[in-house]
Student: 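Mind looking over this structure? Questions follow.
Throughout, residue positions are numbered sequentially from 1 according to the sequence presented.
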Amino acid sequence: MALLFLLWILLIVAIPCSLLLLLLSFLVRPRPVKIPIKGRHVFISGGSSGIGLSLARLAAAEGARVSILARSPDKLQEARQSIRLATGVDVAVFSADVRDAEAVRRTLDEAGPVDVLICNHGVFVARELDLYDVEGLKFTIDVNLTGTFNLIKAALPGMKNRGQRGPGSIALMSSQAGQVGIYGHTAYSASKFGLRGLGEALQQEVIVDDIHVSLIFPPNTETPGFAEEIKTRSEITSIIAASSGTMKADEVAMLTLNGIKSGTFFVTCNFDGIMLALGTASLSPQRSFLVAFFEVVGAGLMRLVALYYQWSWYKTIEKWHSQKNSK
């Protein structure tokens, strides 16, 4: 009886799963790749603090030639000194506003051809849409989305003409708010969701140039920007956003750099990020047939989990507004 049961399990589960894995190993695109960091030119926007600064330290420690971009010359010099003290490596610093396409182009011309471009810059104000003014909305979209277009467009000519320098990478720093819309994140989520469309289309355009796109989805991260954000966001936004927890910048930077080196398209940082990536994979690129397997078989379950999260969020919103209106 036990032998028959094992044979039944083999027929019902093991064989179909093996066939699915075989099919996925043929289907997944782009193919796996390893992107070296040592000896490469790594250019990081938003590199003067937070995740960008941590990434710059890690890349410098791995032997990369690092350039960092930010708006504040003073913060750039502080970051440069911090990296020098931590690694003994001197990095190049560039001051420019990513919204200024011409300034970004001049900066990339001065910096020289880039092997790994990390678009890490970003701004965020936690505010409901009806409390935003038009200029605030435009500022968020211009920095987070248009600024990323400006950087990539300026860097691409040099990246496409790398010759025999090996595979290149373009990494876009999105957010878990770029995987799911969250109360109080209307402008921010719109800009970060836009990065996914940019990344998916861009990967198709640059794959023949051996350039590989990564989309990073960090949760709330302990950075100077996050410290300012929590001072102004509403109570209900804090309650909902807290469900994903908070990570340290160094942790996110390490996961980001590892994702870049493996050419991973969706780079997640915690369990919620993994769940969201599995549940929202859709037509995104996938290099790992094992991850693709879990995307296929877990899609229905992840949708159920997502519906539970949505249920809990809407219950929280209803309760919060009810209590607010009763005061």
Student: Hey, is the main chain of Y188 close enough, under 3.5 Å, to the side chain of S191 for a donor-acceptor pair?
Tutor: yes

Student: Would you mind checking if D90 and R84 are paired as a salt bridge, meaning a charged N to carboxylate O distance below 4.0 Å?
Tutor: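 Here R84 pairs with D90 in a salt bridge, since their nearest N and O are under 4.0 Å apart.
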
Student: Is E200 salt-bridged to R196, going by a charged N under 4.0 Å from an acidic O?
Tutor: yes

Student: According to ring pair (Phe, Tyr, Trp, His ring centres under 6.0 Å), does anything in residues 232-254 pair up with another residue at least two apart or in another chain? List the pairs.
Tutor: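 Qualifying pairs: none.
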
Student: Inspect the contact between E102 and R105 and indicate whether a charged nitrogen and a carboxylate oxygen are less than 4.0 angstrom apart.
Tutor: yes

Student: Just say parallel, tilted or perpendicular for the rings of W320 and Y183, cut-offs at 30° and 60°.
Tutor: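 Perpendicular.
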
Student: Tell me, please, which residues at least two apart from H185 pass ring pair (Phe, Tyr, Trp, His ring centres under 6.0 Å).
Tutor: F124

Student: Check whether any side-chain N or O of Q179 sits under 3.5 Å from a backbone N or O of F193 as a donor-acceptor pair, and report yes or no.
Tutor: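 It does not hold such a pair.
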
Student: Considering all heavy atoms of both residues, which atom of G263 and which atom of S214 are nearest to each other, and what is their separation?
Tutor: C-OG, 4.2 Å

Student: Indicate yes or no: does K38 engage E62 in a salt bridge with an N to O separation below 4.0 Å.
Tutor: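 A salt bridge is absent here (no side-chain N lies under 4.0 Å from a carboxylate O).
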
Student: Taking the side chain from E110 and the backbone from T107, do they hold a donor-acceptor pair closer than 3.5 Å?
Tutor: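 No, because the side chain of E110 does not come within donor-acceptor range (under 3.5 Å) of the backbone of T107.
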
Student: Would you find a donor on one side and an acceptor on the other, under 3.5 Å apart, between the side chain of S48 and the backbone of G46?
Tutor: no

Student: Pairing donors with acceptors under 3.5 angstrom, does anything connect the side chains of S54 and D250?
Tutor: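 Indeed, the side chains of S54 and D250 share at least one donor-acceptor pair under 3.5 Å.
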
Student: Please confirm whether the backbone N or O of R99 pairs with a side-chain atom of D97, one donor and one acceptor, at under 3.5 Å?
Tutor: yes

Student: Test side-chain hydrogen bond (donor to acceptor under 3.5 Å, both in side chains) on S262 and T264 and set out the steps.
Tutor: CA-CA 5 Å; S262 63; T264 304; 2.7 Å; yes

Student: Quick check: does any side chain N or O of H212 sit under 3.5 Å from a backbone N or O of G168, one acting as donor and the other as acceptor?
Tutor: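 Not confirmed, H212 side chain does not pair with G168 backbone.
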
